[in-house]
Amino acid sequence: MTIAPDVPDQARPTSDALFRAGPSRRPRNMGQIIRWMLLFAGGILMVMPIAYMISTSLKWPFEVYNVNLIPEEPTLDNYAYVLEDGRFYLWFWNSLLIAAITTVSNLFFDSLIGYTLCKFRFPGRQLVFIAILSTLMIPTEMLVIPWYLMSQSFGWLDSYWGIMFPGLMTAFGTFLMKQFFESVPDDFIEAARIDGLNEFQIWWTVAMPLVKPALAALAIFVFLGNWTAFLWPLIVTNSTDMYTLPVGLSSFGDEADVAWELIMTGAAISTIPTLVVFLIFQRFIIRGVVMAGLKG
Amino acid sequence: MAQLVLRNLVKRYGATEVLHGINLDVADGEFVVFVGPSGCGKSTTLRMIAGLEEVSDGVIEIGGREVNHLEPKERDIAMVFQNYAIYPHMSVKKNIAFGLRSSKMSKPDKDKRIQEVAAILGMTDLLERKPNQLSGGQRQRVAIGRAMVRDPAVFLFDEPLSNLDAQLRTQMRLEIKKLHQRVGNTIVFVTHDQVEAMTMADRIVIMKDGHIQQVGTPDEVYHKPANTFVARFIGAPSMNMLDAELSEGRVIMPEGLSFPMGPTAEARSGRITLGVRPDDLVPRETDALIQGKVTVREPLGAETLIYVDTPGGEIVAKADGRNPPSVGEQVRLGADPDNLHVFDRETGMVVR
């Protein structure tokens, strides 16, 4: 039998290429200069709060209300104080546990529901999808009272379960995953069906590996969302032992005086895990969001 | 044994019937090609055989066993898809092994089988590669390998060559034919390309609008088309169709030319459609079939296609490549009566 010459496909441009900075780019015209200036201003706007957070965390209490970015007498005492406070580690752990479980739950349920809505034809499919999407239009503030009443009736107040249950599956995640599964050709699924896999195996073995970028993006969105969640954990928790990090940090100080330098110190430390997660997955998150946009 | 039998196969989507009672017997080891234009129902038929579409009515039997209500995995079939459907996140080896997931073979036996298939397809050196490191033809071979590894009763191919360029398509066509000669499994192959059908099939099934138009060997469907659709669909360039009258054993063309059709046509008379293939038309002064002016020449090397404007419409003929008529030249063309096809003008069915 004759064999075809071994000619791999030409490398096609990928979405990575869109974000790969060139070695040296100089503005070529006025429009480009204005665009760069706007981007620079936007960048400053984004960075300033973070810079102030770090700056405040290095200030003594008397200097907190000075607007200067560089502290007059920088100190690491705030970091020592926060890190020596045992509650900080407990809140950190609470946040980590809740964010991790919620992320895993979302990856599982959102992708399972998204896959089902995308690849199975059943009566009422569109209706279910629209119903799920419509929940995106309801603001969290409107939901906290029903959530609270539910938690109360189930005995979940002041518990991990109570904090986590509203976010274990999200409409946004379902939508994101459904859009990504649209890009998985039906041929893959039918081929696997002929090869003898059941529907759950097809989802797990064939479809899920093909939407890894979306899973990574969803993981980051959900993790960040839960790591920084404030309103619901504040409402559902009573004891300081159940606080999450944002709720715990807000409790620094007393009624008369808020200890901003300690809050900012805790906030600065709490950004580290999210930074690490983001740096690891940023390649996926950018690709994920871009692809979701194209498909949508 | 792996005969495939289709009995009164019907497919409906809601109230719309798209397949209207397909009957076909495919013998064990036969290579059957379904061919037809888009929307004729050939892929739907294949997907019903595979179990990917439900059967609305009728019976499908594989190896003497009715499979209508069996899952695809229980039908002892394997399918090669138009888009290959090889998993991009798995190596070639894992893709081929995927076909054996539900097999009860031991791991050494599976490995041996994968190596055998890889050797047949000339892919032994590529087993650790990912699909994005393969050319189009290699990917198609992986897809075939995944189907082959299970040694199914029936192979189903759904337009597997459509995504390949012309040269590779010709090469893969030959490879699939050689593969069939080597492994001898029953193959049902779907294509819209009549050249693929003619070159690969033991028998061709020509479909249109959910009906089988003709089933026959490549020779039969080319030389004895059952109706005008088959006559036009098979062969490139298409058969010329001319309106004519049949009277007392002679064909009378609209412009007054006439010629004898021979004794078999003597008993018939009336309005007919006369079919003649471009390669059967030759320059002829007496008993010419048509005359007209050459409008376009298409040189193909050994021969040249000439388009001739006649009172009955434009016709195409093949001329000698070395000395073809010039554009604007008047030509008279005729054909051996044995090579003429006579169709009923109303029904389109062959008369002779």
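So you know, we letter chains A, B, ... as the sequences are listed, proteins then strands, and number each from 1. Only this structure's heavy atoms are used, side chains among them; waters, hydrogens and symmetry mates stay out.
Taking CD1 from A:Ile189 and CG from B:Leu52, the interatomic distance works out to 11.5 Å, rounded to the nearest 0.5 Å. Atom OG1 of A:Thr205 is separated from atom OH of B:Tyr87 by 9.0 Å, given to the nearest 0.5 angstrom. The distance from atom CD1 of A:Ile194 to atom CD of B:Glu71, rounded to the nearest 0.5 Å, is 11.5 Å. Remark: A:Met208 CE to B:His89 NE2 distance equals 11.5 Å, nearest 0.5 Å.
In A:Leu275, the CG atom is crowded: over 12 heavy atoms of neighbouring residues, nucleotides or ligands sit closer than 6.0 Å. For CZ of A:Phe92, the number of neighbouring non-hydrogen atoms (other residues, nucleotides, ligands) closer than 6.0 Å is greater than 12. The neighbour count for A:Trp161 CH2, taken as heavy atoms of other residues, nucleotides or ligands under 6.0 Å away, does not exceed 12. Heavy atoms from other residues, nucleotides or ligands lying under 6.0 Å from NZ of B:Lys94 number 12 at most. Open room surrounds NZ on B:Lys93; 12 or fewer heavy atoms of other groups in view lie less than 6.0 Å from it. Annotation for B:Glu74: atom CD counts as buried by contact number, over 12 foreign heavy atoms lying within 6.0 Å. Environment of CZ in A:Phe122: crowded, with over 12 heavy atoms of neighbouring residues, nucleotides or ligands closer than 6.0 Å.
B:Pro88 places a side-chain heavy atom less than 4.5 Å from the side chain of A:Phe188. In this structure, the side chains of A:Asp195 and B:Arg150 come closer than 4.5 Å at one or more pairs of heavy atoms. Here the side chains of A:Gln201 and B:Arg101 are in contact, with some heavy-atom distance below 4.5 Å.
Among the candidates B:Pro72, B:Ala85, B:Gly51, the residue making the largest number of heavy-atom pairs closer than 4.5 Å to chain A is B:Ala85.
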For a side-chain contact (heavy atoms from CB on, under 4.5 Å) check, start with the C-alpha distance between A:Glu190 and B:Met79, then their side-chain angles and the critical distance, and finish with the verdict. CA-CA 9 Å; A:Glu190 291 176 344; B:Met79 187 155 165; 5.8 Å; no
Derivation and outcome, side-chain contact (heavy atoms from CB on, under 4.5 Å), residues A:Asp187 and B:Tyr84: CA-CA 8 Å; A:Asp187 282 359; B:Tyr84 319 137; over 6 Å; no
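With a 4.5 angstrom heavy-atom cutoff, B:Ala78 touches chain A only via backbone atoms. In this structure, chain A has a heavy atom under 4.5 Å from the backbone of B:Ile86, while its side chain stays farther away.
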